[in-house]
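Because the structure is predicted, anything quoted here is derived from the model rather than measured. Residue numbers count from 1 along this sequence.
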Amino acid sequence: MAAMIAPDLDLAADPAELTADLIDLESVSGGEGPIADAVEAALRRLPHLTVHRDGDAVVARTELGRDERVVLAGHLDTVPLTTLPGARGTVPSSWEEADGHRVLYGRGATDMKGGVAVQLALAAALTEPNRDVSYVFYDHEEVDAAASGLGRLQRNAPELLEADFAVLLEPTDGTVEGGCNGTMRFRITTTGRAAHSGRSWIGENAIHKQADVLARLAAYTPRTITVEGLDYREGLNATGIGGGVAGNVVPDTAHVEINYRFAPDKTPEQAVAHVREVFAGYELEFTDLSAAARPGLDRPAAAAFVAAVGQEPKPKYGWTDVARFSAMGVPAVNFGPGDALLAHTDDEHVSAEAVRECYRALAAWLTD
């Protein structure tokens, strides 16, 4: 079988049109090879950059000896394509006119091929930026954190991620979102004694025992915590529940899945201690735990970036890979085109102007 030839990407094109070209390269998590090949090939044609490939992650860097280095990072993968008939969160992309604006539909339009297009366009256009720039493109963001291409880069080539500041081009509607909440998932299992439901008095219903767990969740008041001037809203919610084996059997086991989103005033250990206190008396089985990230907006590079964008920063309520940079001692923010509420939806889309405006803001910051 002949090897697949990576399609040519025109990095000098309108960033909005480049977004469409990237969407047309289907890259559901696990299938990022072709888009990584195309990105690598396009970047290697730029003599002002050095390029490194690690699996399906690509890093391109300027080496100008500037006093500061910044990272612009984005993931190449998307969630699976929609299968709903007539939905447009799919591949290939399509354009539509809406209220005088061109709108681009397709899987990854907001999360986050618009941001990746901005990175690529900047990498081509800025031959002598005022800061050294590392453009980081990575795989496997939309799946289990253990598979993350950014995490793999941290392990294999951490020197490529060293910087004074990082911008993750996740969709933020063109507003700086500082740091991010941490997240954990855990399971509480209750046990009982199975019996025929016609003679239930000899059994012990494990599902009924979940009533106390659910009552604690319903009574819980999530907090809003101010960290470095930004208000982070926490959340503690049941996200799944299961139990039972048949319609005539008193169940002997049941479980509830719980997600805790915690503000960056807490370490993961402190977050774990908090949920153990809330559910005192129960055994908690942790299935996922990712640290929060402080915003770091008081750092000089961050302050200059916020000033260049010219908007009041907001907190990031969800978890993003800014937490990985924060763990390396690199303050990071989220800033990218598109509405995060449209990510993963059946009609995922981004306006051409949103992509262009994100490009203009970053270009101004890196050239003024």
Between Thr190 and Gln210, do the side chains contain an N or O donor and an N or O acceptor separated by less than 3.5 Å? yes

If you look at every heavy atom in Leu122 and Leu72, which pair is closest and at what distance? CD1-CD1, 3.8 Å

Find out whether Leu76 and Asp139 are in side-chain contact, i.e. whether some heavy atom of one side chain is under 4.5 Å from a heavy atom of the other. no

Going by distance alone, is a donor N or O of one side chain under 3.5 Å from an acceptor N or O of the other, for Thr239 and Asn259? no

Are any side-chain N or O atoms of Arg107 and backbone N or O atoms of Thr345, one a donor and one an acceptor, separated by less than 3.5 Å? yes

Could you walk me through whether Glu204 and Lys209 pass the salt bridge (Lys or Arg N to Asp or Glu O under 4.0 Å) check? CA-CA 9 Å; Glu204 194 175 327; Lys209 290 185 176 182; 2.3 Å; yes

Can Thr287 and Arg187 be counted as having a side-chain donor-acceptor contact under 3.5 angstrom? no

Does any N or O in the side chain of Arg216 come within less than 3.5 Å of the main-chain N or O of Val278, such that one atom is a donor and the other an acceptor? yes

Salt-bridge criterion met for Arg61 and Glu63 (N-O under 4.0 Å): yes

Salt bridge check, Arg360 against Glu353: does any charged N sit closer than 4.0 Å to a carboxylate O? yes

Does His140 offer a backbone N or O that forms a donor-acceptor pair with the side chain of Glu32 under 3.5 Å? yes

Residues in side-chain hydrogen bond (donor to acceptor under 3.5 Å, both in side chains) contact with Asp132, at least two apart in sequence or another chain: Thr62

Are Phe137 and His75 near enough that their ring centres are under 6.0 Å apart? no

Taking the side chain as C-beta and beyond, is there a heavy-atom pair between Tyr232 and Pro264 under 4.5 Å? yes

About how many Å separate CG of Asp288 and OG1 of Thr183, when rounded to the nearest 0.5 Å? 6.0 Å

Pro129 to Leu64 - nearest heavy-atom pair and separation: CD-CD1, 3.7 Å

To the nearest 0.5 Å, tell me how far Asp56 CG sits from Ser27 OG. 10.0 Å

Any side-chain donor paired with an acceptor under 3.5 Å for Asp24 and Ser93? yes

Which of parallel (below 30°), tilted (30 to 60°) and perpendicular (above 60°) describes Phe286 and Phe186? tilted

Please give me the minimum heavy-atom distance between Cys180 and Gly318, naming the atom from each residue. CB-O, 3.2 Å

With respect to Val272, which candidate in Gln270, Glu269, Arg276 satisfies the side-chain contact (heavy atoms from CB on, under 4.5 Å) definition? Arg276

Donor-acceptor pair, distance only, cut-off 3.5 Å: does the side chain of Arg152 make one with the backbone of Asp54? yes

Do Asn334 and Thr320 pass the side chain to side chain donor-acceptor pair (under 3.5 Å) test, and can you show the C-alpha distance, the side-chain angles, and the key distance before you say yes or no? CA-CA 8 Å; Asn334 305 276; Thr320 72; 2.8 Å; yes

Indicate, with yes or no, if Ile258 and Ile207 share a hydrophobic cluster defined by side-chain heavy-atom contacts under 4.5 Å among Ile, Leu, Val, Met, Phe, Trp and Tyr. no

Taking the inter-plane angle between the rings of Tyr105 and His349 on a 0 to 90° scale, is it parallel (under 30°), tilted (30 to 60°) or perpendicular (over 60°)? tilted

Examine distances only and state if a side-chain atom of Asn181 and a backbone atom of Arg233 form a donor-acceptor pair shorter than 3.5 Å. yes

Listed partners of Thr90 passing side chain to side chain contact (heavy atoms under 4.5 Å, CB included), at least two apart: Leu81, Thr82

Hey, are the side chains of Gln119 and Leu169 touching, using non-hydrogen atoms and a 4.5 Å cut-off? yes

Without hydrogens or angle criteria, can the side chains of Thr175 and Asp173 be said to hold a donor-acceptor pair below 3.5 Å? no

Whether the side chain of Ser148 engages the backbone of Leu150 through a donor-acceptor N/O pair (distance < 3.5 Å, no angle test) should be reported. yes

Stepwise salt bridge (Lys or Arg N to Asp or Glu O under 4.0 Å) check, Arg299 with Asp164: CA-CA 9 Å; Arg299 304 287 184 93; Asp164 299 288; over 6 Å; no

Could you walk me through whether Glu228 and Arg294 satisfy the salt bridge (Lys or Arg N to Asp or Glu O under 4.0 Å) test, starting with their C-alpha distance in whole Å, then the side-chain angles of each, then the deciding distance to 0.1 Å, before giving a yes or no? CA-CA 8 Å; Glu228 297 177 16; Arg294 300 183 74 90; 3.0 Å; yes

Gap between atom CG of Leu160 and atom CG of Leu153 - 0.5 Å precision: 7.0 Å

CZ on Phe305 to CG on Leu362, rounded to 0.5 Å: 5.0 Å

Tyr282 versus Asp212, side-chain donor and acceptor atoms under 3.5 Å: yes

Looking at side-chain heavy atoms only, is the closest gap between Ile225 and Asp231 below 4.5 Å? no

Flag the pair Arg102 / Glu97 as yes when at least one side-chain heavy-atom distance between them is below 4.5 Å, and no otherwise. yes

Ignoring hydrogens and angles, state whether a donor on the side chain of Tyr260 or Glu234 is under 3.5 Å from an acceptor on the partner side chain. yes

Supply the atom-to-atom distance Thr191 OG1 to His255 NE2, rounded to the nearest 0.5 angstrom. 14.0 Å

Give me the atom names and distance for the closest heavy-atom approach of Ala36 to Val58. O-CG2, 3.9 Å

Please walk me through it: do Glu348 and Lys113 pass salt bridge (Lys or Arg N to Asp or Glu O under 4.0 Å)? CA-CA 11 Å; Glu348 186 175 356; Lys113 291 187 174 179; over 6 Å; no

Is a side-chain donor-acceptor pair under 3.5 Å present for Asp111 with His344? yes

Counting C-beta onward and ignoring hydrogens, is there a side-chain heavy-atom pair between Asp21 and Asp10 closer than 4.5 Å? no

Treating Ile, Leu, Val, Met, Phe, Trp and Tyr as nodes and any side-chain heavy-atom pair under 4.5 angstrom as an edge, say whether Val39 and Tyr135 lie in one connected cluster. yes

May I ask you to decide whether Glu257 forms a salt bridge with Arg185, counting only side-chain N to carboxylate O separations under 4.0 Å? no

Of all heavy-atom pairs between Gly198 and His196, which one has the smallest distance, and what is that distance? N-ND1, 2.8 Å

Determine, step by step, whether Asp339 and Thr110 satisfy the side-chain contact (heavy atoms from CB on, under 4.5 Å) criterion, reporting the C-alpha distance in whole Å, the side-chain angles of both residues, the deciding distance to 0.1 Å, and the verdict. CA-CA 7 Å; Asp339 184 349; Thr110 57; 5.5 Å; no

Of the non-hydrogen atoms in Pro15 and Ala121, which two are nearest, and what is the gap between them? CG-CB, 4.0 Å

Let me have the donor-acceptor pairs involving side chains of residues 322-333, under 3.5 Å, with sequence neighbours excluded, atom names and distances please.
residue, atom, partner, partner atom, Å
Arg324, NE, Asp321, OD1, 2.8
Arg324, NH2, Ala145, O, 3.2

Hphob cluster co-occupancy, Leu22 + Val51, side-chain heavy atoms under 4.5 angstrom: yes

Could you see if Val103 belongs to whatever hydrophobic cluster contains Val355? Use Ile, Leu, Val, Met, Phe, Trp, Tyr and a side-chain cutoff under 4.5 Å. no

Are any non-hydrogen side-chain atoms of Leu236 and Phe279 less than 4.5 angstrom apart? yes

For residues Thr189 and Thr253, determine if any side-chain heavy atom of one lies less than 4.5 Å from a side-chain heavy atom of the other. yes

If you group Ile, Leu, Val, Met, Phe, Trp and Tyr by side-chain heavy-atom gaps below 4.5 Å, do Ile241 and Val275 land in one group? yes

To the nearest 0.5 Å, what is the distance between OG (Ser94) and CZ (Arg88)? 6.0 Å

